[in-house]
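Have a look at the structure below before the remarks.
Every chain is numbered from 1, with letters handed out A, B, ... down the list of sequences.
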Amino acid sequence: MDVAIIGLGMHPFGRSPSMSGLEQGAAAARAALKDAGTDFKRMEFAFGGSQDSGNADSLVNLLGLTGLQFTNVANGCATGGSSLNAAYSAIKSGQYDIGLVVGFDKHDRGAFNPKPSDWGLDDWYGETGLMLTTQYFGMKIQRYMYDHNISKSTLIRVAEKAFRNGSLTPTAWRQTALSWEEIENAPMVSEPLNKYMFCSPAEGGCALVVCRADIAHKFHTQPIYLKTAVVRSRNYGSFEVFSPSQPPKVADSPTVTASQTAFELAGIGPEDIDVAQLQDTEVGAEIMHMAENGFCEHGEQEKWLADGVTEITGRLPVNTDGGCLANGEPVGASGLRQVHEVCTQLRGDGGARQVANDPKVGYTHVYGAPGISGVNILAR
Amino acid sequence: MVAAKPLHEGLFSWPTEIPNLIGSQCLDCGEYAFPKQNSCRACSGQNMTSADLGNAGNLWTWTVQSFMPKTPYHTHETQETFTPYGVGYIEMACGLKVESRLRENSPELLKIGMPMKLEIITVRTDDEGSDLLTFQFCAAEEQS
Ligand SMILES: [Zn+2]
């Protein structure tokens, strides 16, 4: 049984001081149900996730105690990807006809402060100052730039594009475009990445209603079909966050394995994708993920960014809503925002940021610690 | 005066004149790990032995920690006294890359491939006044 997405809902990312994370999740769920022209009573199952805002299944207190199967998902930044993957399987298997996927979060300002024991590490690692995701991102792109001749200009171009796209997106957190100089001269966080090159923890909610493809038209005139949803974890040798040591040989990242599997299952290739969302926790991630997802060769990003290939007006628009950089990252919701945006583009509802290439096939890629990648291929 | 001791036992040989990093090696597949592990990340085997990783290597990648980290970071520094530090991976002789603080803390002093050597530094003192030690790497040759 094929799977369709018939409802899109979002509670805008950023700051909502008067609302809890859970309430933002409920707002997103209601919006998605409304978009699908249905209600919560009709939902047979739900998969949901939140890192810092409590159990996702508490949403039933706000949406209604209907007795549905509600499963909580916790996969770090890849939570949204894992939730949608689970919903895909639930419908694909024939077990259910229609259900809800929802994610939300409300994080404190500033960097996350993870505990070593949660990651199987001893306290010394954190106490001596190695337990920072920002360091990992800096070191990973530093080596990548060295190996593949990527310049600092390319880092700046990715940030420039993100905030420019954010300025065209009414639901984005950062809606002000930034100049080259503003980005270049921002305070350094972790060499070579500065303040405007990182996304920040934020708040927000996102939800999708999914159903059997053969009943999709009863709910929405423009169903978007979820061709495939793949999640993979890291192999031995993948360079991941919070690793006190790494093996000599660098292995392919989980993004490569998830992406290759997704393309294989969908029976198409990277050249068939018209619009994409690639995890951009920081600018280096977007650059590396362009190649890891098979869209270009390693090192080719330098030319792609200079030529504007990934701009809204380009051949392969990437992160058309400004991605994580302009929307911030409410961890539980972030992966679903990507799907929400690609579906919006495929429906032609992107407004000022609508891509011009009449997109038929879209792609989303989420990546989270400690080495989980989720890829979705979507088509209208 | 109480004797200095490692913040965490087993990361490096101590006390000794020239400390080396201590990791483990899998007797089944030969892969190394740091810190010491009881099972192998490569082959899932549990036939592990302690391995001397040496005290020198080359810088594989690096960054600089420019602001004072939040907890679990634990030193006696304050926002005012915090000194930025480098962070990098050092490729050891066996090929394993070990993550470490670096003494060098500015981009001009750090270059991928440069030779690095181990040194032992004080993280903080405990309630009895003992220095608690950890390892870091620094440039093996004076920068010109
Ligand atoms: Zn082994």
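For S66(B), the parts lying near chain A are the backbone and the side chain together; criterion is any non-hydrogen pair under 4.5 Å. For F239(A), the part lying under 4.5 angstrom from a heavy atom of chain B is the side chain only. Both the backbone and the side chain of V87(B) come within less than 4.5 Å of a heavy atom of chain A. With a 4.5 angstrom heavy-atom cutoff, F137(A) does not touch chain B via any of its atoms. Y32(B) touches chain A through its backbone: at least one of N, CA, C or O sits under 4.5 Å from a heavy atom, while the side chain does not. Interface remark: L7(B) contributes side-chain atoms only to the contact with chain A (heavy atom separation under 4.5 Å). No part of I90(B) comes within reach of chain A, as not one of its non-hydrogen atoms sits under 4.5 angstrom from that chain.
Among T134(B), V98(B), V123(B), I112(B), the residue making the largest number of heavy-atom pairs under 4.5 Å with chain A is I112(B). Comparing G126(A), P187(A), G138(A) by how many heavy-atom pairs each has under 4.5 Å with chain B, the most go to G126(A). Interface summary for chain A: among M92(B), H74(B), Q136(B), the most heavy-atom pairs under 4.5 angstrom belong to H74(B). Among G95(B), P72(B), G88(B), the residue with the largest count of heavy-atom pairs under 4.5 Å with chain A is P72(B).
Within residues 241-254 of chain A, the residues having any heavy atom closer than 4.5 Å to a heavy atom of chain B are S243(A), P244(A), S245(A), Q246(A), P247(A), P248(A), V250(A), listed by residue number.
With hydrogens and angles left out, the side-chain atoms of S259(A) and H365(A) include no donor and acceptor closer than 3.5 Å.
Taking S238(A) as the reference, E240(A) meet the side-chain hydrogen bond (donor to acceptor under 3.5 Å, both in side chains) condition, with sequence neighbours excluded.
Aromatic ring orientation, H148(A) versus Y144(A): tilted (interplanar angle from 30° to 60°).
For F137(B) and W62(B), the distance between ring centers is not under 6.0 angstrom. Taking the six-membered ring for Trp and the full ring otherwise, the centers of F135(B) and F34(B) sit less than 6.0 Å from each other.
Salt bridge status for E203(A) with R15(A): present, with a side-chain N to carboxylate O gap under 4.0 Å. Checked for salt-bridge contact, R124(B) and E127(A) meet the test: a charged N lies under 4.0 Å from a carboxylate O. A salt bridge does not link E31(B) to R41(B): none of the charged nitrogens lies less than 4.0 Å from a carboxylate oxygen. The pair K152(A)-E191(A) counts as a salt bridge, with a side-chain nitrogen and a carboxylate oxygen less than 4.0 angstrom apart. Salt-bridge formation is detected for the pair D126(B)/K5(B): a Lys NZ or Arg NE/NH1/NH2 atom is positioned less than 4.0 Å from an Asp or Glu carboxylate oxygen. Salt-bridge formation is detected for the pair E286(A)/K161(A): a Lys NZ or Arg NE/NH1/NH2 atom is positioned less than 4.0 Å from an Asp or Glu carboxylate oxygen.
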